[in-house]
Amino acid sequence: MSADRAFANRRRLRRAPLWAVLLLLLGIAQTLLVVLTLNYEAARAQDQAEAVATEAASALRRELFGTVQSLQSLLWGDPSASQWRFDAAEMLRARRDLLHLERRDDAMALVEAVATPYGESPFRWLPRAQMLVEAEAACGNARRTASPQFSRSYFVPQAAGLGEEVIDVCVPLSGGAAGFMVATLSLGTSLERALAAIAPARRHEISLVEGDGTRLVREGAVRGAGVYRADRVVDLPGVTLQLRADSVEGHPRLIPNLTLALVLGLSLALTAVVLLLARDVRRRARAEAALAEALAFRKAMEDSLSTGLRARDLDGRITYVNPAFCAMVGFDAGELMRARTPPYWPPEQVDEYARRQALRLAGERAPADAREGFETVFMRKDGERFPVMIYEAPLVDGGGRHTGWMSAVLDMSAQRRVEELSRQQQERLQAAARLATVGEMASLLSHELNQPLSAIASYATGSLNLLERPDAATPGEVRQALARIAEQAERAGRVIKSVHDFVRRREQAHESIRADQLLDAVLPLVRLQARKSGTRVEVDMAQPVPRVRCDRTMIEQVLLNLTRNGIQAMEADTPLAERMLTLRVQPAGERRRVRFAVIDAGPGIGDEVARKLFTPFFTTRREGMGLGLSLCRTVVEQHGGALEVDSRRAADGRPGRTEFAFTLPADAPRAAVVREAAAGVGGRAD
Ligand code: ADP
C-alpha cells in the first residue's frame, strides 16, 4: 500500500515541471494575445482616423471649389451694378457660408458691398478697412494669375466676445471692367457643409488647424481624444489649409481586453469540459448497456438452472432465491424472504437447524463439509419431507467484506429413490446367493460334522464300556474319553457357529477393520472346504497389517466365493501336490487402497468362459448357480474398486494359474483416526 503511494508521489513529482512549463506557456500565450489585441485595436483606430481625414479633406476641397464656381457665376455676362447687387443678395440668402460680398476696383477701392442677411455683417465690430490685408494679398495673386485666389484665413470678432474664422476669395473681373469681387467665407460653415455631404463622422472630431496646431475651426458634436490623429493638407489656390481628424477613442484599455481574454479562455475551457462530459456520458451509456446485458444473461442463467440457489445475509435472512429453489420447496420468493424462520424447515427440526445455523453464522469461513456438500432434509409447502444436498460458499462484496452465504441446493429425492430400489435388489440378490452358499455349506457341514459326531459316538461307546467294567477301568481313562467327547462337540459347535454367523450377519455399515481379521473370519470355512479336496491354503499378509474400511459381511462373502471357486477349479485336474490356494493382501495405490488376491493353480479360464464370467447365472458347474462372481463384482464396485481377473491356461502338464483380485479403501491406523475425529469440527447450517 505504502509502496503504491510512494510510486504515485514520484510520478506526481516527475510531472510537476511539465505542468509548470504548460502553465508558463499558457501565461505567455495569454499575454501575447492581449498585447496583439491592443496593437491591433490601436492600428485599426489610426487607420480609421486616416481614412476619415482623407475623405473630409477632399470633401472640403470640393466644397470650396464649388463655392468659387458659384461666385464666378455672379460675374457671368458682366452684370450691371444693380443686377450684381441683386444676384449677390440672392446668393447670400441661399448660402449661409457666404458672409460678405463686395466689388472693388483695380486699386482695391470698395465699389459695392452686400452682407449676409443672417446675423451681423462680419465687419460690424472691426471695419473692413482694417481687415483688408489678407484680401489685398489674394487679389494681388488673382491679378497675377487672372484666376480666383484664396486669402489666408483670419479672425473676425463678433458680439459678446465671440468671433469667427473667415477666409476671403478674390475673383478677378473679366472682360472690360477691371477690378475684383471679394467674397468672405465662414470657414466653419464651409466645413459643416462639406461634411454634411459625406457620411457624418460621429466618432471623429474634424478641425482645421494652423501649422503650429492651433485649432481654427472644429466641426462635429464630439471631442477628439488626441491619441489617434491624422492631418491632411487641403490645397487651394493661394493658400493651404490643414485639416485634422481626431478620433474620440483613447488608448486601448487593458481591463476590457483582459476580460475578453478571460471570457474567451473560460468559454474554451467550458467547451472542453462539455466535450469531456459528452465523452464520459457516452462511455457511461456503453458501460450501462454492457451491464444490463450481463444482468440479463445472469438472470437467464439463474432461471434456466435446475439447481436451487439461495443467498442469506449474516443474520440468516434469505436475500435471494432463484426460480428452481422456489419450485423445489413450493414457496414463492416473497414468502421466503419475508419469513423469519425458513418455512422449508420441518417443524420438528427447527430447533436443531437454528442451532446449526447459529454455529455457522458465528464462523467466518465455510467449514470443509459445506464446500464438499452436506445432506439434510427440507420440507415442501405440502408438508412432504425430502433430502437435499447443500453446497455453501461465503458471499463477498466488491469491497472484500463478507456479507453472507450463497448455497446451491440439490433435490436428492429422485436419486434416493433409485438408490433405495437398487439396494433392495442387491439385498434380494445377496440373500439368494447366501442361501445357495448355505445350501452347499449344509452338505459340507454334514460331511464335516460326521467326523466329530462319529468320534463322539465312539468315545461315548468306549466310556460306556469302561463304566460297565469298573474293575478294569480307571477313573482317569473315563475322564480322558469324556474330555475327547467335549473337544469334538466343541469343534462341531464352532463349525456350525461359523455358518450361522455368516448367514445371520446382515449389518451394512462400513467399518474399519484389520485385513487379517477379515481373513480370520472366513478361513475356518475355507479350510473346511479345502481339506475335503486336499488343498493347502496359504496366507501372504503384508506387514504391518493394513486396515480397510468396508462392509465386513459382504467382503467376507466375496472372499468366500472367490476361495470356493478357486478350490473347486483345482478339484478336477490339478495334481494333489500342486493344489495350493493363496490369499494375498498387500498395499496398493500409494497405500490409499489395499489389494486382496485369491490365487489358485486350476486349469485357468478359457476365452469363451472369460467373456461371460460376470454374467449372472452363467455357470459351468452342474450344481452351480452362476451368481457368485456377478455378486462379487457388484460388492467390490460398491467399495469403489474393480474385480480383476488374470488367468493362464494349463499347458504341457503344467497347471494353470488364476488370480482374482480387488482393492478396498485403506483406513488410517486407530490412533490417527481418533485424532482426525477430534479435529473434525464445524457446525452445519440447513
Ligand atoms: P458358480 O460358482 O455358481 O458357477 P460363479 O459366478 O462363481 O458361479 O462362477 C461362474 C463360472 O466361472 C464358473 O462356473 C466357472 O466356470 C468359472 N470360474 C470361476 N472361478 C474360476 C476359477 N478360479 N478358475 C476357473 N474357472 C472359474
Side-chain angles (χ1 to χ4, degrees), residues 425-445 499 502-503 519 522-523 525-540 553-576 578-585 595-638 641-651 653-662:
Q425 275 173 353
Q426 274 301 326
E427 234 167 40
R428 275 201 291 278
L429 207 61
Q430 282 165 21
R434 217 180 342 257
L435 282 177
T437 313
V438 167
E440 252 173 79
M441 287 304 157
S443 62
L444 274 173
L445 271 181
V499 175
F502 171 70
V503 177
L519 293 198
V522 293
L523 272 175
L525 278 170
V526 173
R527 287 195 206 282
L528 195 65
Q529 194 175 14
R531 196 171 308 144
K532 208 176 108 187
S533 59
T535 303
R536 279 169 294 139
V537 176
E538 190 186 83
V539 175
D540 178 4
T553 316
M554 301 304 287
I555 295 302
E556 281 172 9
Q557 190 162 350
V558 169
L559 286 171
L560 270 175
N561 280 336
L562 295 180
T563 49
R564 190 197 54 198
N565 280 354
I567 291 168
Q568 284 173 348
M570 290 186 285
E571 269 169 3
D573 301 323
T574 311
L576 205 60
E578 311 270 0
R579 292 185 186 172
M580 161 84 96
L581 184 78
T582 309
L583 291 168
R584 182 171 291 154
V585 177
R595 184 173 192 270
F596 291 75
V598 178
I599 305 159
D600 67 64
I605 302 175
D607 291 342
E608 183 69 9
V609 175
R611 264 199 297 281
K612 301 184 193 153
L613 211 53
F614 296 106
T615 316
F617 303 108
F618 168 76
T619 180
T620 56
R621 288 198 299 273
R622 234 170 354 104
E623 73 283 16
M625 280 186 69
L627 279 173
L629 285 180
S630 115
L631 186 76
C632 289
R633 188 168 70 170
T634 313
V635 171
V636 167
E637 283 172 357
Q638 274 176 353
L643 181 59
E644 289 163 357
V645 56
D646 179 31
S647 179
R648 190 186 69 218
R649 299 283 278 163
R654 278 177 54 230
R657 181 182 181 279
T658 303
E659 174 173 343
F660 278 90
F662 62 91

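Read the numbers this way: they start at 1 and go in the same order the structure lists the ligands and their atoms.
Looking at L562 against ligand 1, nothing comes within 4.0 Å, counting heavy atoms. Contacts with ligand 1 closer than 4.0 Å are made by side-chain heavy atoms of I605 only, the backbone lying farther away.
Note: F614 and F660 have perpendicular aromatic rings, judged against thresholds of 30 and 60 degrees for the angle between ring planes.
Among the atoms of S630, none of the N or O lies under 3.5 angstrom from an N or O of ligand 1. By the 3.5 Å distance cut-off applied to N or O atoms, N565 is counted among the residues near ligand 1.
The residue from R657, R621, R649 that puts a heavy atom closest to atom 1 (P) of ligand 1 is R621.
The backbone N or O of A601 lies less than 3.5 Å from a partner atom in the side chain of T574, making a donor-acceptor pair. Proximity of a side-chain donor or acceptor of T563 to a complementary backbone N or O of V526 within less than 3.5 Å is not detected.
Atom numbering of ligand 1 starts at 1 in the shown order; those under 4.0 Å from a heavy atom of D600 are 22 (C), 23 (N). Residue contact check: F618 has heavy atoms under 4.0 Å from atoms 10 (C) of ligand 1. Those atoms of ligand 1 with a heavy atom of L613 less than 4.0 angstrom away are 12 (O), 17 (C).
Ligand 1 lies less than 4.0 angstrom from a heavy atom belonging to R564. In this structure, N561 falls outside the shell of residues with a heavy atom less than 4.0 angstrom from ligand 1.
Residue E659 holds its CD atom at 11.0 Å from CG of L562, rounded to the nearest 0.5 Å.
Under 4.0 Å is where a charged nitrogen must lie from a carboxylate oxygen, and between E538 and R536 no such pair does.
Contact check for V635 versus Q557: no side-chain heavy atoms found under the 4.5 Å cut-off. V598 is listed as a side-chain neighbour of L583, based on a closest heavy-atom distance under 4.5 Å.
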